[in-house]
Amino acid sequence: MLQFKNSAIGVMGAEAMALIAPPRKVLPAGWAAENLIVPDGPRANSLWSPSLTPYVVEPLNNSGPDSPVNKEAIRKSAQTGFTVMAIAIVGSSIDTDPSGGILLVQPTDGALSDFIADKLNPAIEQSAALKAKVKPQVSRSGEGSTTYLKRYPGGSMALAIANSTADLRSKTKRKIIKDEASEYPDDLDGQGSPHAMIEARYESFLATGDWKEVNISTPTVKGACYIDKQFEAGDQRFWHVDCPGCGSPFPFRFGPNFKFNDGFPFQAHYVAPCCGTVIEGHEKNALVRGGSKHAPRCEFLESLGMRNGWIATAPGPGKFPSYHIDAMSSPFVPWDKIAERWIAAQGDPAKLKAFYNLTLGEAFEIKGDAPDHVRLMERREDYPKGRIPARGLMLTAAADVQMNGIYVEVVAWAPNRESWVVHVDVLEGDTTDANGGAFLKLGELYDREWPDAYGGRRKVDGFAVDSGFRSHVVYHWCASRHNAYAVDGRDGWHLPAIGTPSVKDIDIDGRKLGFVKLWPVGTWPLKGHWYEDLRREGKSAGHEIDPPGYCHFGKFLDENYFKQVTAEYLADVRNRGRSTKRWEPRGNQANHWFDCRVYNMAVADHLGLSSMTEDEWKILARERAPTITQGDLFVARPLAVQIATSPASAMPALGADLSDAERANLPGDPPPASQEPTPPANASVEPPAARSQAEPSGSNWIGRSTSNWLNR
């Protein structure tokens, strides 16, 4: 009789046997070491091995049926190997512990799509054990897998997003994996926390006690960060190593024991807190693999010549395991790179937040108490309104539309994020017509060419208009103007300064007039960054220089402006039983200038303020500040040094054009050692050990692709 290789009877029989056969007894880490092909990273397309990331083994094994652990939380930095751990949990469960099913949640549809396409599907396709069990997506019977549902003998895995109530309310699963859990919304469509909805998915398994919940995330903002709170609620385990000098255990932490030069070569090294033994960067990985003899034993690691290193620092009855791992122990990030990132982040709140979150795996504390507006007024400077200062190489504008007028602020930016208010105004008039009233005046301001300190004239590089009010009028106005951005402020701590735009139809009086891009702006982090910058002290407070990020204000600004730019505060609030932080208005004080500055910061970030390299700024300076031909544009240096090689004929014109206040804002001397930015409490505060010094190199480690704007 003719026999087909994959006959229906054969397939049905295989599935029946898979259901009858008892699951194999194997630890999840052992299963991964035997079966899982890594989908990406430095070991892509090869068999997973714990030798690179031994700290993954214990939390991975907690997901297995033989572990009494039901819940765990992992607070981590980027590039630590825990995404592969999530896939290993999925794979070992499908192959050895399939009953009850799995729910894996990502924060957004984009994150989920990337996870499926770049990590999950390649791992299933390349790992023979998974490919044999996960049903293919092409199935005439309708019982095959889909993009968001993976079927296998004994169960299925649902893939969901945290901002969809439909995804989170309709499934019952025994194992839950929450990836990037701190990026989930605080409240979902007014129906409560998505975390509570997810927890309800394993309600049916509470009595049997075999449910599992794995929380994995990089942290966000202190006081409003889910994974930070989960870590602190647990027993707070850190990966320890044994001191090569005296054998005492300690974890590698960014702080006073981490030493490095303040420029290249950084020569980062660690001084053991127990006996002072110096540990060089090249010794890190071997020590991490060695773990600590003081940690609980792990037979699996010991069989491979390694040891466990997890030691709980806050044990207690009823506490679940919570883990912290960061770049200090990661095999993928050299210590020199950590030092470089720290130095590059000084003076830039956005980079500092990224450093804490992505490199240190720690929540970043935003100070939400506004500086006193009277003190800000006292430091006003005598520079002319409407003229771009000498170091203002970038020019942005932002507008806040109201019923009977439009508030506008124009800001100049230096490469080190110093800013100058160039112009503020309230354009009075009707705001219902994109071609009339206040919008007609806004168009005149958009077309205006602003004089600079070198006799040239420039238009704004980016013009942001808040579309929260008169949305379609704003859309209409922006659609016909190059570098005009219709923006929409969004609440939340995990949002970027300016995100991916969506396309909106322009609908005026029922008529479709085309479409425009609407740019989402993450206002909450930017507000915190604004207050950080306002607190910086400079020459007006007796310091020798104005530091990076310093905010300059002209004497043409009145008290109302300063009240408005400090009109909000960061409040601790409770929402459906959960504590969080959110921005609240201070009494009845208007906040239009506050909004304008936030949108100015967003469009400046989009144009490359924080991501352009030093060389890119120098190219721009040759066009816009032709007399500055050498020197570092990122720190203040004397004008004489900057123009030492300029033609003599350029000197009188430059000198004649600058006011005394503008001269003060030109590049000055580099900061002396005593004026270096003060590191936070857990940073290196002692001088590094004596090492050879060299000129610091630029860094663009958290960079994004620089916009095309400087090539126009």
Side-chain angles (χ1 to χ4, degrees), residues 28-29 32 38 40-42 48 50 52-63 69 71-90 104-107 111 114-115 119 162 176-184 195 213-222 225-241 251-254 284-285 288-289 291 308-314 320-335 337-338 341 353-364 493-494 682 701-702:
V38 179
D40 60 2
W48 179 81
L52 198 62
T53 55
Y55 47 76
V56 164
V57 169
E58 181 179 297
L60 172 56
N61 284 340
N62 288 342
S63 69
V69 172
K71 177 179 178 178
E72 60 184 345
I74 298 150
R75 186 181 71 178
K76 68 179 189 67
S77 66
Q79 301 300 320
T80 46
F82 279 94
T83 299
V84 176
M85 186 198 83
I87 296 173
I89 294 175
V90 168
L104 189 147
V105 185
Q106 290 282 349
D114 290 345
F115 174 80
K119 300 180 185 299
I176 308 293
I177 304 170
K178 294 190 284 185
D179 197 17
E180 292 302 343
S182 288
E183 294 188 12
Y184 299 178
H195 295 287
E213 179 186 327
V214 182
N215 297 274
I216 308 170
S217 189
T218 51
T220 53
V221 172
K222 194 73 174 177
C225 177
Y226 176 80
I227 200 65
D228 200 49
K229 293 176 182 178
Q230 291 293 304
F231 173 76
E232 292 175 352
D235 59 10
Q236 302 177 31
R237 304 184 185 193
F238 292 85
W239 186 265
H240 286 63
V241 302
F252 289 128
R253 302 301 309 277
F254 185 84
K284 175 183 74 166
N285 288 351
V288 169
R289 283 194 294 269
N308 186 32
W310 290 115
I311 297 177
T313 61
F320 56 85
S322 62
Y323 301 89
H324 173 93
I325 196 74
D326 59 54
M328 290 294 296
S329 297
S330 170
F332 308 113
V333 186
W335 281 347
K337 178 57 69 174
I338 297 173
R341 291 173 179 176
K353 180 179 180 299
F355 178 80
Y356 273 86
N357 294 168
L358 303 180
T359 297
L360 301 187
E362 296 180 5
F364 182 69
W493 292 111
H494 60 278
N682 70 338
W701 73 280
I702 61 168

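All figures in this text were calculated on a predicted structure; none of them were measured in a lab.
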Considering non-hydrogen atoms only, spot the tightest contact between [X] and [Y] and give its length.
X      : Y      : result
Tyr226 : Ala181 : CD2-CB, 3.8 Å
Val38  : Val84  : CG1-CG2, 4.3 Å
Lys284 : Met328 : CD-O, 2.9 Å
Ala29  : Val57  : CB-CG1, 4.0 Å
Ala86  : Ile177 : O-CD1, 3.9 Å
Pro331 : Thr53  : CG-CG2, 4.1 Å

- [ ] State which residues pass side-chain contact (heavy atoms from CB on, under 4.5 Å) with Val214; sequence neighbours excluded, sorted by chain then number.
- [x]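 side-chain contact (heavy atoms from CB on, under 4.5 Å) list for Val214, sorted by chain: Glu72, Ile74, Met85, Ile89, Ile216.
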Open item on the list: Could you work out, with side-chain contact (heavy atoms from CB on, under 4.5 Å) as the rule, every residue matching Ser330, not counting sequence neighbours?
Closed with: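 side-chain contact (heavy atoms from CB on, under 4.5 Å) list for Ser330, sorted by chain: Tyr55, Thr80, Phe332, Val333.
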Quick one: [atom1] on [X] to [atom2] on [Y], what's the gap to the nearest 0.5 Å?
X      : Y      : atom1 : atom2 : value
Glu183 : Thr220 : CD    : OG1   : 8.0 Å
Cys225 : Asn357 : SG    : CG    : 7.5 Å
Arg341 : Leu360 : CZ    : CG    : 10.0 Å
Lys76  : Ser217 : NZ    : OG    : 7.0 Å
Asn62  : Lys71  : CG    : NZ    : 14.0 Å
Ser329 : His324 : OG    : NE2   : 8.0 Å

Main chain of [Y], side chain of [X]: is a donor-acceptor contact present, judged purely on distance under 3.5 Å?
X      : Y      : value
Trp239 : Ile325 : no
Asp179 : Val105 : no
Ser182 : Ile227 : yes

- [ ] Describe, in one word, how the ring planes of Trp335 and Phe252 are oriented to each other, choosing from parallel (under 30°), tilted (30 to 60°) and perpendicular (over 60°).
- [x]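 It falls in the perpendicular class, over 60°.
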Is [Y] close to [X] at the side-chain level, that is, under 4.5 Å between some pair of heavy atoms?
X      : Y      : result
Glu213 : His195 : no
Phe231 : Pro219 : no
Phe254 : Glu362 : no
Tyr356 : Lys222 : no
His494 : Glu180 : no
Ser77  : Thr359 : no

Task: Worked check of side-chain contact (heavy atoms from CB on, under 4.5 Å) between Ile87 and Trp48 - done: CA-CA 11 Å; Ile87 296 173; Trp48 179 81; over 6 Å; no
TODO: Using only heavy-atom distances, determine whether the side chains of Lys178 and Tyr184 contain a donor-acceptor pair under 3.5 Å.
DONE: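 Side-chain D/A pair, Lys178 to Tyr184: absent.
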